[in-house]
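Worksheet: one structure, shown below.
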Amino acid sequence: MQFLTVPVGNTELAFISDSSITVPFSFPQPVTRVSCMLQGLDLEYPDDDHHVKSVHLEPQIQFDDRVSTTNGTLRVHFIWRDDADSIGDGRIAVFYARFVLVGE
């Protein structure tokens, strides 16, 4: 069993409320199956007049051991609502998350 921490997003960049980010990963040794879990999350509005009310994360691992036994991508689709309960109103927020990938 191997563990790999994968950062998604950036504390210096802001994203719209319905976005996806795809990042590559590479295990040092071959694996046949990969799963993931959330290790940490930072989501905040750059201005002080809004607050995050809820967050929905959908991580999707794209890995096929017939193509590569070490490489794949992690795609994370995220949606958040502000305190006015709106989605997709053009507001931006800083998004940074860390996922732990488990290779078996």
Side-chain angles (χ1 to χ4, degrees):
M1 188 174 297
Q2 299 177 64
F3 298 94
L4 186 65
T5 299
V6 177
V8 178
N10 190 313
T11 57
E12 303 297 319
L13 294 177
F15 300 89
I16 60 172
S17 65
D18 188 346
S19 297
S20 294
I21 300 174
T22 302
V23 294
F25 64 82
S26 182
F27 283 96
Q29 300 293 322
V31 296
T32 58
R33 186 172 55 176
V34 180
S35 56
C36 76
M37 59 188 136
L38 181 65
Q39 184 181 38
L41 175 67
D42 181 15
L43 179 67
E44 59 186 60
Y45 285 103
D47 54 1
D48 291 336
D49 65 341
H50 279 80
H51 301 282
V52 176
K53 179 179 178 182
S54 65
V55 180
H56 178 77
L57 297 174
E58 292 178 26
Q60 179 185 17
I61 296 169
Q62 298 166 334
F63 175 78
D64 185 346
D65 66 345
R66 295 170 296 183
V67 176
S68 172
T69 58
T70 55
N71 300 320
T73 58
L74 172 63
R75 180 180 181 272
V76 179
H77 180 232
F78 51 94
I79 300 172
W80 61 83
R81 296 179 189 266
D82 64 11
D83 53 359
D85 210 27
S86 60
I87 294 178
D89 61 357
R91 296 205 184 275
I92 58 172
V94 174
F95 174 82
Y96 177 76
R98 286 176 316 284
F99 287 86
V100 174
L101 301 184
V102 181
E104 300 179 71

(request) Answer yes if Phe99 and Phe15 sit in the same cluster of Ile, Leu, Val, Met, Phe, Trp and Tyr residues linked by side chain heavy atoms under 4.5 Å apart, and no otherwise. (result) yes
(request) Would you mind reporting whether Asp42 and Glu44 have side-chain heavy atoms less than 4.5 Å apart? (result) yes
(message) Take a 6.0 Å sphere around CD of Glu104 and say whether it holds more than 12 heavy atoms from other residues, nucleotides or ligands.
(response) yes
(request) Applying side chain to side chain donor-acceptor pair (under 3.5 Å), name anything that partners Arg75, two or more places apart in sequence or on another chain. (result) Ser20
(request) Would you give the length of the straight line joining atom OG1 of Thr32 to atom CZ of Arg66, rounded to the nearest 0.5 angstrom? (result) 12.5 Å
(request) Give the minimum heavy-atom separation between Leu43 and Ala93, together with the two atoms involved. (result) CD1-CB, 3.9 Å
(request) Answer whether the closest heavy-atom distance between the side chains of Pro24 and Asn71 falls below 4.5 Å. (result) no
(message) What's the separation between atom CG in Leu101 and atom CD in Gln39, rounded to the nearest 0.5 Å?
(response) 10.5 Å
(message) For the OG1 atom of Thr73 and the CD1 atom of Ile21, what is their distance to the nearest 0.5 Å?
(response) 13.0 Å
(request) Give the C-alpha distance, both sets of side-chain angles, the deciding distance and a yes or no for side-chain contact (heavy atoms from CB on, under 4.5 Å) between Val34 and Phe25. (result) CA-CA 11 Å; Val34 180; Phe25 64 82; 4.3 Å; yes
(message) Testing the basics here: between His77 and Ile79, what is the closest heavy-atom pair and its distance to 0.1 Å?
(response) CE1-CD1, 3.7 Å
(request) Spell out, yes or no, whether Leu41 and Val94 are grouped together once hydrophobic residues are joined by side-chain heavy atoms under 4.5 Å, including indirect joins. (result) no
(request) Supply the atom-to-atom distance Tyr96 OH to Thr11 OG1, rounded to the nearest 0.5 angstrom. (result) 7.5 Å
(message) Rounded to the nearest 0.5 Å, what separates atom CD in Gln29 from atom CE in Met1?
(response) 15.0 Å
(message) According to side chain to side chain donor-acceptor pair (under 3.5 Å), who are the partners of Glu58, at least two apart in sequence or on a separate chain?
(response) His56
(request) Working to the nearest 0.5 Å, report the span between CG of Asp64 and OG1 of Thr69. (result) 11.0 Å
(request) Could you check whether the rings of Phe78 and Phe95 sit parallel, tilted or perpendicular, using 30° and 60° as the cut-offs? (result) parallel
(request) Apply side-chain contact (heavy atoms from CB on, under 4.5 Å) to the pair Phe63 and Val31, showing each step before the final yes or no. (result) CA-CA 10 Å; Phe63 175 78; Val31 296; 3.6 Å; yes
(message) According to a hydrophobic-cluster definition based on side-chain heavy atoms being under 4.5 Å apart (Ile, Leu, Val, Met, Phe, Trp, Tyr only), do Leu57 and Val100 belong together?
(response) no
(message) For a quick test of reading the model, state the closest non-hydrogen atom pair linking Cys36 to Leu74 and the distance between them.
(response) SG-CD1, 4.4 Å
(request) Identify whether Val102 and Leu38 are in the same connected component of the hydrophobic contact network (ILVMFWY, side-chain heavy atoms under 4.5 Å). (result) no
